[in-house]
Amino acid sequence: MTAIAAEAPLSRAAFEQALRDKGRYYHIHHPYHCAMYEGRATREQIQGWVANRYYYQINIPQKDAAIMANCRDREVRREWIQRIHDHDGAPGSDGGIEAWLRLGEAVGLSADTLRSEAMVLPGVRFAVDAYLQFARQASWQEAACSSLTELFAPHIHQSRLDSWPTHYPWIKPEGYVYFRTRLSEARRDVEHGLRVTLDHFTTRAQQQRALEILQFKLDILWTMLDAMSMAYELARPPYHTVENGQPWHRGLWS
């Protein structure tokens, strides 16, 4: 028996606090996001972030569908399916993906450009694909736990609503619909996902596993911004050393 397995489990309150303490690794603290929040980001950096995050957005419903496919609990599925409606939209209403396309248009990118995925960096694609693969292969409880970065999401959405209109007046106001909508949706999702995690991960070893899963998801989000920093801040897009100054073959580099 390992040392961690022999330890007494954390109380429910202590386990929840340990999960919340992971917020210090949330990508709101990444230099790229700090620059956007503080008004130091260029138009290209904002556009690059929107285009690359689009790839993350369109994979979220697939992640949630994978969780449902692996879940035999009907009541959980009935509650979790709302997340798919939130992003894909329900009959007669748009969802988060459409709202993100409007954000793209608000920062000067056409919907066709975002849908083409031409601006998606290899590092971002690799990170997002790894997350989706994890959700497909893990137990539904583990995949649900990975969604708990939503614990910290309302803060990051509010930070954009508070700062972007002042720092970036060139962004059209209709682009902020996604962030406003997610303020309430994320809080609802957190309540459900946290309940699942606290109910399922009850031994000390399981609790440690949950913390590792949450860190994995935090690593995904942080790594995405690392790739964007290389391309848009350091001017070192993919294959910049072998393309002889030519535009990256899949991107819109100048």
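Starting from 1, each residue takes its place in the sequence as its number.
Taking every heavy atom of both residues into account, Leu225 and Tyr32 meet most closely at CD2-CD2, 3.9 Å. Across every non-hydrogen atom of Thr197 and Ala210, the tightest pair is CG2-CB, 4.4 Å.
The NE2 atom of His192 lies 11.0 Å from the CG atom of Leu194; values are rounded to the nearest 0.5 Å. Remark: Leu211 CG to Leu19 CG distance equals 5.0 Å, nearest 0.5 Å. In this structure, the separation between OG1 on Thr166 and CH2 on Trp164 is 13.0 Å, given to the nearest 0.5 Å. The line from CG of Asn59 to CD of Gln62 is 5.0 Å long, rounded to the nearest 0.5 Å. Note: Met230 CE to His240 NE2 = 6.0 Å, rounded to the nearest 0.5 Å.
More than 12 heavy atoms of other residues, nucleotides or ligands shown are found within 6.0 angstrom of OH on Tyr168. Taking a 6.0 Å sphere around CD of Glu75, one finds it holds more than 12 heavy atoms contributed by other residues, nucleotides or ligands. Counting non-hydrogen atoms of neighbouring residues, nucleotides and ligands closer than 6.0 angstrom, the NE2 atom of His29 exceeds 12 such neighbours. Within a 6.0 Å radius of CZ in Phe134, more than 12 heavy atoms belonging to other residues, nucleotides or ligands are found. When the shell of 6.0 Å around CZ of Arg236 is examined, it contains 12 or fewer heavy atoms from other residues, nucleotides or ligands.
Remark: the Ser110 side chain and the Thr113 side chain contain an N/O donor-acceptor pair separated by less than 3.5 Å.
With hydrogens and angles disregarded, a donor-acceptor distance shorter than 3.5 Å links the side chain of Gln47 to the backbone of Val107. Looking only at distances, a side-chain donor or acceptor of Arg83 sits under 3.5 Å from a matching main-chain atom of Asp189. Using modelled atom types, no side-chain atom of Asp86 and backbone atom of Glu185 make a donor-acceptor pair closer than 3.5 Å. Of the possible polar contacts, one joining the Ser184 side chain to the Thr181 backbone as a donor-acceptor pair under 3.5 Å is found. Formation of a donor-acceptor pair under 3.5 Å by the Tyr232 side chain with backbone atoms of Ala41 is not found in this model. Formation of a donor-acceptor pair under 3.5 Å by the Glu117 side chain with backbone atoms of Tyr55 is not found in this model. Of the possible donor and acceptor atoms, none in the side chain of Tyr131 sits under 3.5 Å from a partner among the backbone N and O of Phe126. Listed for the Arg77 side chain is a donor-acceptor partner under 3.5 Å among the backbone atoms of Cys71. Using a distance-only test at 3.5 Å, with no hydrogens or angles considered, a donor-acceptor pair links the side chain of Asn52 to the main chain of Leu121. Although no hydrogens or angles enter the test, the distance criterion places no donor-acceptor pair under 3.5 Å between the side chain of Thr223 and the main chain of Ile220.
For the pair Arg209 and Phe201, the NZ or CZ position fails the cation-pi test of under 6.0 Å to the six-membered ring centre and within 45 degrees of the ring normal.
The stretch residues 86-106 participates, sequence neighbours left out, in these ring-ring contact (aromatic ring centres under 6.0 Å, His included) pairs: Trp49-Trp100, Trp100-Tyr178.
Using cut-offs of 30° and 60° for the angle between ring planes, the Phe179 and Tyr176 rings count as tilted.
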Check: Which is it for Lys63 and Ser147 under the side-chain hydrogen bond (donor to acceptor under 3.5 Å, both in side chains) test, yes or no, and what are the steps along the way?
Finding: CA-CA 9 Å; Lys63 176 267 298 182; Ser147 295; 2.9 Å; yes
Margin query: Applying side chain to side chain contact (heavy atoms under 4.5 Å, CB included) to Arg182 and Glu150, what does each step give before you reach the verdict?
Written below: CA-CA 10 Å; Arg182 286 304 297 167; Glu150 290 170 334; 3.4 Å; yes
Next item on the list: Check the pair Gln158, Leu183 against side chain to side chain contact (heavy atoms under 4.5 Å, CB included), reporting the backbone distance first and the verdict last.
Entry: CA-CA 7 Å; Gln158 190 63 59; Leu183 283 173; 3.5 Å; yes
Next item on the list: Start with the C-alpha gap between Lys172 and Glu174, add the side-chain angles, then the distance that decides, and say whether salt bridge (charged side-chain N to carboxylate O under 4.0 Å, His left out) holds.
Entry: CA-CA 6 Å; Lys172 298 176 183 177; Glu174 54 268 29; 5.1 Å; no
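Between Arg195 and Glu16, none of the side-chain N atoms (NZ, or NE/NH1/NH2) sits under 4.0 Å from a carboxylate O, so this pair counts as no salt bridge.
The closest side-chain heavy-atom distance from Leu109 to Glu105 is not below 4.5 Å.
You'll find the ring centres of Trp222 and His27 outside the 6.0 Å limit.
Clustering of Ile, Leu, Val, Met, Phe, Trp and Tyr side chains at separations under 4.5 Å places Ile67 together with Met68, Val76, Trp80, Ile81, Ile84, Trp140, Val196.
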